[in-house]
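One is the number of the first residue; the rest follow in order along the sequence. Below, each value reflects all heavy atoms present in this structure, side chains not excepted, and no hydrogens, waters or symmetry copies.
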Amino acid sequence: VWSAPFEERHLGWLEDMKRGAAAVLSINLEPDQEDQDFPVTLRGSGKALDYIVAQCGLPDFAAQSVALRTFDDPEAAVRADVEHDCHRQRGTVTYGDLFRTDVDLNADGRMDIEINYGDAVCDTAPSLYCGSAGCTGALFVAQPEGGYVRVLKTNYHGYSQGEPGSIALSLHGSACDKPGFEECIKHYQVLYTDLMPIDLD
C-alpha cells in the first residue's frame, strides 16, 4: 500500500485526472530493480473524484505545508534523502565538514541549521546537487516548542546575515531576470515557518 498527502500542487493534476481517459502509474523502485508502470483507466473518474472531494473536503494547505516541512532531526532526514538519491546512482556518500552549520538565522537566541547538500559527495555523481545556480541548500528554523521547520530548499551560491533576523541570498541571475552569470541578491526576513521577501528599493 502506497500513500501520500494531497498537496496544493496536486490541484491541477486532479483536474487532469477528471478530464483524462487513461493514465500510467510509475513506481520507481530500488536501483537493482526495474521501474514498473501500471496502466490505469480514468473512465468515470470525474464523478468519482468530485464525490470524494465533496465527502472529504480539501486539506488545510497552509497547515499541511508547515507539517510536511517540520523535522525533529533535520540533518538525519536530509542524510536519508541524500543516501537514497546516491544509492539510486549506485554510489556511496562522503560528508564534508560544511554539510551542517548551526547558526541563529532569526535572532531569537536559538540555533538554526543550514544544510549544504553540495558537501555531501556521491562518488558516482559528484555534481548531483550542484550546478551553475550553485549547490542545493536548506535552512531549518528552530521552533519555540521544539523541532525545526524548513523555510528554504533551493540552489544558491551562499548567503549573508544582515539586520537581526534577515539574510541576503546570492542566487542565479535568472532569479532577478538577469543573465545567469550576473549577480542576483535577494533579501529576506527569517520567520518561524517561512521567509518573507524584503524590498530594499
Side-chain angles (χ1 to χ4, degrees), residues 1-72 74 76-91 93 115 117-118 120 122 124-140 147-156 169 171-180 184 186 193-197:
V1 176
W2 288 275
S3 64
F6 185 84
E7 301 175 42
E8 189 169 14
R9 62 192 176 93
H10 296 141
L11 287 172
W13 167 82
L14 184 66
E15 294 305 312
D16 290 341
M17 293 279 286
K18 292 179 184 179
R19 290 192 299 267
V24 175
L25 173 64
S26 295
I27 304 295
N28 303 122
L29 302 171
E30 295 303 320
D32 56 346
Q33 301 179 29
E34 293 290 330
D35 292 347
Q36 296 185 26
D37 292 337
F38 300 92
V40 179
T41 182
L42 294 178
R43 292 181 180 176
S45 62
K47 289 183 178 179
L49 291 171
D50 284 339
Y51 178 80
I52 291 171
V53 171
Q55 296 300 309
C56 301
L58 293 173
D60 179 339
F61 291 123
Q64 181 194 67
S65 172
V66 173
L68 290 171
R69 294 182 285 115
T70 300
F71 302 86
D72 290 328
V78 173
R79 281 179 181 260
D81 287 343
V82 166
E83 288 165 18
H84 178 268
D85 290 346
C86 186
H87 182 57
R88 289 191 64 82
Q89 303 293 325
R90 294 179 167 81
V93 184
I115 298 291
Y117 285 67
C122 179
T124 55
S127 299
L128 189 59
Y129 297 111
C130 296
S132 62
C135 294
T136 302
L139 301 178
F140 298 85
Y148 299 81
V149 171
R150 188 183 67 228
V151 298
L152 176 74
K153 181 184 177 185
T154 192
N155 278 48
Y156 56 90
L169 278 178
L171 300 165
H172 191 265
S174 61
C176 293
D177 297 322
K178 299 178 179 179
C184 173
K186 291 200 169 185
T193 59
D194 216 335
L195 297 182
M196 181 176 69

For Tyr148 and Asp72: C-alpha separation, side-chain torsions, deciding distance, then whether side-chain contact (heavy atoms from CB on, under 4.5 Å) applies. CA-CA 6 Å; Tyr148 299 81; Asp72 290 328; over 6 Å; no

Would you sort out whether His172 and Asn155 count as a side-chain contact (heavy atoms from CB on, under 4.5 Å), showing the intermediate values? CA-CA 8 Å; His172 191 265; Asn155 278 48; over 6 Å; no

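The distance from the NZ atom of Lys153 to the OG1 atom of Thr136 is 7.0 Å, given to the nearest 0.5 Å. Ser65 contributes atom OG, which lies 8.5 Å from atom CD of Glu8 (distance to the nearest 0.5 angstrom). Atom CG of residue Leu68 and atom CZ of residue Arg150 lie 8.5 Å apart, to the nearest 0.5 angstrom. To the nearest 0.5 Å, atom CD1 of residue Ile27 and atom CD of residue Gln36 are 8.0 Å apart. The line from CG of Leu195 to CG of Leu152 is 5.5 Å long, rounded to the nearest 0.5 Å. Put simply, CG on Leu58 and CD1 on Ile52 are 11.5 Å apart, with the number rounded to the nearest 0.5 Å.
Counting heavy atoms from C-beta outward, Val78 and Phe71 have side chains that stay 4.5 Å or more apart.
In this structure Cys122 satisfies the side-chain contact (heavy atoms from CB on, under 4.5 Å) test together with Cys86, Gln89, Thr124, Ala125, Leu128, sequence neighbours excluded. Remark: Val66 pairs with Arg69, Thr70, Val149, Thr193 by the side-chain contact (heavy atoms from CB on, under 4.5 Å) rule, at least two apart or across chains. Among residues two or more places apart in sequence or in another chain, the side-chain contact (heavy atoms from CB on, under 4.5 Å) test is passed with Cys135 by Asn116, Cys130. Take Asp16 and apply the side-chain hydrogen bond (donor to acceptor under 3.5 Å, both in side chains) test, not counting sequence neighbours, and it matches Arg19. For Asp194, there are no side-chain contact (heavy atoms from CB on, under 4.5 Å) partners two or more places apart in sequence or in a different chain.
Two rings, from Tyr117 and Tyr129, have their centers less than 6.0 Å apart.
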May I have the list of side-chain donor-acceptor pairs in residues 37-49 shorter than 3.5 Å, sequence neighbours left out?
residue: Asp37; atom: OD1; partner: Ser26; partner atom: OG; Å: 2.7
residue: Thr41; atom: OG1; partner: Arg43; partner atom: N; Å: 3.3
residue: Ser45; atom: OG; partner: Met17; partner atom: O; Å: 2.8
residue: Ser45; atom: OG; partner: Leu42; partner atom: O; Å: 2.8

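Using the six-membered ring where Trp is involved, Phe6 and Phe61 have ring planes that are tilted, between 30° and 60° apart.
Of all non-hydrogen atoms in Cys176 and Lys186, the two that sit nearest each other are SG-CE, 4.1 Å. Taking each heavy atom of Gln64 and Glu7 in turn, the nearest pair found is OE1-CA, 3.4 Å. For the residue pair Tyr156 and Leu171, the shortest heavy atom distance occurs at CB-CD2, 3.7 Å. Here the closest heavy-atom approach between residue Ala120 and residue Val93 is recorded as CB-CG1, 4.0 Å.
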